[in-house]
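Here's the structure, in C-alpha cells; my notes come after.
These numbers were taken from a predicted model, which means no experiment stands behind them. Numbered from 1 within each chain, the chains take letters A, B, ... in sequence-line order.
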Amino acid sequence: MLKFYNTRTRSVDSFKPLEGNTVRMYCCGPTVYNYAHIGNLRTYIFEDLLYKTLKRAGYDIIHEMNVTDVGHLTSDGDEGEDKMLKGAEREHKSVLEIARKYEDAFFTDTKALNIRRPDIVCRATEYVQDMIAFVQKLEEKGYAYVSGGNVYFDTAKFKTYGDFAHLDLENLRHGARVDTDDQKRNPTDFVLWFTQSKFENQILTWDSPWGKGYPGWHIECSTMAMKHLGDTLDIHCGGIDHIPVHHTNEIAQSEALLGHRWVNFWLHGEFLTLKNEKMSKSSGEFFTLSLLEKKGYSPLHYRYLCLTAHYRSQLVFSYENMDSAKATYENLKNKVLELKKAKDTPLETDEEKSKAYLDEFNGYLFNDLGTPQALTIIYAVLKDKDLSSAAKLKLIEDFDTVLGLGVSEFKEEKLDIPEEITALAEKRVQARANKDFAQSDALRDEIASLGFEIKDMPQGKYEISKK
RNA sequence: GGCCGGUUGGCAGAAUGGCUUAUGCAGAGGAUUGCAAAUCCUUUUAUACUGGUUCAAUUCCGGUACCGGCCUCCA
C-alpha cells in the first residue's frame, strides 16, 4: 500500500517492514555548532511527514536521530578550523556548552514546526566507546589500517564501494575542493578515528587503542543505529547531499562489519535553494527560522511552503513564495475557524463523502508522500456542498495529523481592545446611523492609525481586529 | 571530466499517451457594501527547442539549449 522512492534501487518501491509491524527508521541529525537554517529544517519536515505517514498506515515506528557534537566539524575555509571550537571561541563558551546550546535551539525550531521529537535522540559524544569497538571490529576484519596516526577505512577492500551513489571512482575530482590527505591508500578512504587532528587545540578527545583522539564523522551513525535498532534498518534518511559521501561511507563500514545488507529503504530529501546562491551554514545569507519570524512569518507558514512541493524536488525559497504560503495558510485558518463556529446539522451524504475524500488523501500521501496533491483535497473538502461543517472539520483535522499545520489549535484570537478603540467604534456606529459617512470614514482612518481594523457586519454590527 | 535532477501560466507547484493541464497565491469581472474590508460566484494566462515512436506526445525515446545540485564541509 505504501510506496516510497528508494535511492538504493532508484525506483518507487512498495514498502513493507522487514519484521512484523515495526519500522526501524534512522535519520541523520544536525551538527550542532550553529543554528539550523531553513534548508536543514526542510529535511526534518520531510522526515516528520514520513514518520506520520507510516503511523497513519498503521505501523509502529522506532525513530532514531543522532546529534553530531563531535567529529564532523571541518569547515570549508582554507585552514579547516574546527567549527565547534570556532563557535566556542566566538561565544566564549566551552565546546560542550556550544553543542548543548545549539541542540536546544534545534529542538526549539523543530517543535515550532510541529516536528515530532524522534523516539531516540543520541549524541555522538555519549557513544564513543561503542564507536571504538566498531572500529576495532573493522580492523579485525581487515577493513581498517593505521596511517600517520589515524585509522582509515580501506575502501578498496569493500568491493561494492560507490555503487549506491553510482560513483565513477576513476573520474571523481579528488581534491578539487578539499585538500587531499596523502596518508590515504585510496582517495575515497575515510577516517574512522583521528589521533592526528587537523586542528590545533582539539578539546574533545578520548583514549583509544590507537591513542588519544576522536572519532571520524561517518562512524557515529552506523554505530548508534546498530546499537539501538539492530543489524538491519527498514529506513534510513537524510539530505540528498549525503548520498555520495556520508551514506556511501556508512554503507561501506556497516556492511563490511555485518556481512549483509544493512538498510532496506534509503530516502533522501531534496534541497531548498536560493535563486542565485547556495543555502549554507558557512556561506551566503544565513536563513534561520527566527529570521523568518522577524520578517512576520510563522514557522507553520514555512511548513506549509514545504508541503506545497514534493520532497524530492528542489524548492526555490523566496519571500514572494513565503508571502504566498502565508496568505494561503491564513485563509485556510479563517475557513477552519468558520467551520468551528458553524452549527449546521449532519448530512446523509457525510459519511460516504468523507470516506471518499479520506481515501483520496491517503492515496496521494501513501504514494511517495504526495503532499502537494494531498493539499488539494483540503480545498475540495472546503468547497463541497454535500458535506456538513462538522464533517469538513473532522476531515481536515484528520488530514492535519500528518500535515501538521496546527488545525486543532486554531482559535479565534481574543484581542484586548482598548476602550479608546471601542469608544471610537461606537461613535462610528452613531455616525453611520446618521448617514454621516464623512465622519464615519474619518473614524475608521483614526482606528486604523491606532493599529486596528474595523469591519462592518449586517445590522450595524462590527468586528475589530488587529492590523 | 563524472554522477544526479530539472525546464509547465505573473509566482509557486501537481498531473497526464487522447477528455476543459490540478491546487494555492496574484490579476480581472460580478454579487454584497453608503464606501471599504471580509466573504461568495465567475474568469484570463503555461507544457524550452528539436527529431523519432504512435492513429494520437506536454507525457515515451533521442538530440540541442539553458538551469540547479553533488564529486569527500553541507540537510
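- Nucleotide G34(B) holds its C1' atom 19 Å from the OH atom of Y462(A), rounded to whole Å.
- Pairing of C3(B), defined by two Watson-Crick or G-U wobble distances under 3.5 Å, is identified with G69(B).
- Regarding L337(A), its CG atom lies at a distance of 16 Å from the P atom of A38(B), rounded to whole Å.
- In this structure, S313(A) reaches the sugar-phosphate backbone alone: every heavy-atom distance under 4.0 Å involves primed, P, OP1 or OP2 atoms, never a base.
- In this entry U58(B) has no Watson-Crick or G-U wobble partner, no candidate having both defining distances under 3.5 Å.
- Taking the side chain of E320(A) as heavy atoms from C-beta on, and the options C11(B), A37(B), C40(B), the nearest nucleotide is C11(B).
- Contact annotation: H166(A) reaches the phosphate of C4(B) (side-chain N/O to OP1 or OP2, under 4.0 Å).
- A165(A) comes within 4.0 angstrom of sugar-phosphate atoms only, judged by non-hydrogen atoms across all strands, and of no base.
- Note on D13(A) versus R8(A): no salt bridge recorded, every NZ/NE/NH1/NH2 to OD/OE distance being 4.0 Å or above.
- In a base pair of the Watson-Crick type (N1 to N3 plus N6-O4 or O6-N4) or a G-U wobble (N1-O2 and O6-N3), with each distance short of 3.5 Å, A28(B) is matched with U42(B).
- Distance check on atom P: G2(B) versus G63(B) gives 13 Å, rounded to whole Å.
- Comparing G30(B) with G6(B), their C1' atoms are spaced 41 Å from each other, to the whole Å.
- In this structure, CG of L305(A) is placed 11 Å from P of A14(B), rounded to the nearest angstrom.
- The side chain of E453(A) lies closest to A37(B), out of G34(B), A37(B), G68(B).
- Between the side chain of D441(A) and the base of G34(B) there is at least one donor-acceptor pair of N/O atoms closer than 3.5 Å.
- Closest approach to the A327(A) side chain among A75(B), G68(B), C25(B) is made by C25(B) (side chain taken as heavy atoms from C-beta onward).
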Before you tell me yes or no, could you show the steps for H310(A) and Q373(A) under side chain to side chain donor-acceptor pair (under 3.5 Å), namely the whole-Å CA-CA distance, both residues' side-chain angles and the distance that decides it to 0.1 Å? CA-CA 9 Å; H310(A) 191 257; Q373(A) 296 142 285; over 6 Å; no
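- Residue D456(A) is in base contact, counting any heavy-atom pair closer than 4.0 Å across all strands shown.
- With both pairing distances under 3.5 Å, A22(B) is matched to nothing as a Watson-Crick or G-U wobble pair.
- Heavy atoms of I454(A) sit under 4.0 angstrom from at least one base atom.
- Straight-line distance between the C1' atoms of G27(B) and U54(B): roughly 40 Å, to the nearest whole Å.
- Rounded to an integer number of Å, the gap from F437(A) CZ to U33(B) P is 12 Å.
- Side chain of V245(A), nearest nucleotide from A14(B), U72(B), C73(B): U72(B).
- Nucleic acid contact for R444(A): base, since at least one base atom lies under 4.0 Å from a heavy atom of the residue.
- Tested against Y51(A), the residues R116(A), H63(A), R56(A) include a single side-chain hydrogen bond (donor to acceptor under 3.5 Å, both in side chains) partner, R116(A).
- Nearest-nucleotide positions on RNA chain B place L375(A) closer to the 5' end than the other of L375(A) and L41(A).
- Regarding Y304(A), its OH atom lies at a distance of 13 Å from the P atom of G13(B), rounded to whole Å.
- Here N334(A) lies out of heavy-atom contact (under 4.0 Å) with every strand.
- Spacing of P atoms, U23(B) relative to C66(B), comes out at 35 Å, to the nearest Å.
- Screening E103(A), R123(A), E220(A) for a side-chain hydrogen bond (donor to acceptor under 3.5 Å, both in side chains) involving T68(A) leaves a single residue, E220(A).
- Side-chain nitrogen and oxygen atoms of K326(A) include none within less than 4.0 Å of the OP1 or OP2 phosphate oxygen of A12(B).
- The residue among D189(A) and E270(A) whose nearest nucleotide of RNA chain B lies closer to the 5′ end is D189(A).
- Across all strands shown, G34(B) has no partner, as no Watson-Crick or G-U wobble contact with both distances under 3.5 Å is found.
- Residue-nucleotide stacking is present for F271(A) and A75(B), judged by a side-chain ring centre under 5.5 Å from the six-membered base ring centre and planes under 30° apart.
- Residue H268(A) is out of contact with every strand shown, counting any heavy-atom pair closer than 4.0 Å.
- Residue T31(A) places its side chain closer to A75(B) than to any other of C40(B), C25(B), A75(B).
- Of the residues W217(A), W266(A), F164(A), the one that meets the ring pair (Phe, Tyr, Trp, His ring centres under 6.0 Å) test with H247(A) is W266(A).
- The side chain of P244(A) sits closest to C70(B) out of C70(B), G69(B), A75(B).
- None of L267(A), D119(A), L54(A) except one satisfies the side-chain contact (heavy atoms from CB on, under 4.5 Å) rule with M25(A); the exception is L54(A).
- Distances shown here put a side-chain N or O of N331(A) below 4.0 Å from the OP1 or OP2 atom of C25(B).
- Look at the P atom in both C40(B) and C67(B): the space between them is 42 Å, to the nearest Å.
- Across C4(B), A12(B), U72(B), the shortest atom-to-atom separation from the side chain of R10(A) is found for C4(B).
- Residue G269(A) is classed as having no contact, given no heavy-atom separation below 4.0 Å to the nucleic acid.
- To the nearest angstrom, C1' of U39(B) lies 14 Å from CG of L339(A).
- For the pair D109(A) CG and A75(B) P, the computed distance is 14 Å after rounding to whole Å.
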Derivation of the salt bridge (Lys or Arg N to Asp or Glu O under 4.0 Å) call for K52(A) and D48(A): CA-CA 6 Å; K52(A) 288 169 178 168; D48(A) 184 60; 2.8 Å; yes
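- Look at the P atom in both A56(B) and A26(B): the space between them is 43 Å, to the nearest Å.
- Between N40(A) and A75(B) there is a side-chain N or O to OP1 or OP2 distance below 4.0 Å.
- Comparing atom distances between the R432(A) side chain and each of C11(B), C35(B), U72(B) picks out C35(B) as nearest.
- Note: CG (D368(A)) to P (A14(B)) measures 12 Å, nearest angstrom.
- Rounded to a whole angstrom, the distance from the P atom of C25(B) to that of C41(B) is 12 Å.
- For the pair R312(A) and Y5(A), the distance from NZ or CZ to the six-membered ring centre is under 6.0 Å and the angle to the ring normal is within 45 degrees.
- Other residues, nucleotides and ligands contribute at most 12 non-hydrogen atoms within 6.0 Å of the NZ atom of K3(A).
- A distance of about 15 Å separates the C1' atoms of U44(B) and U21(B), rounded to the whole Å.
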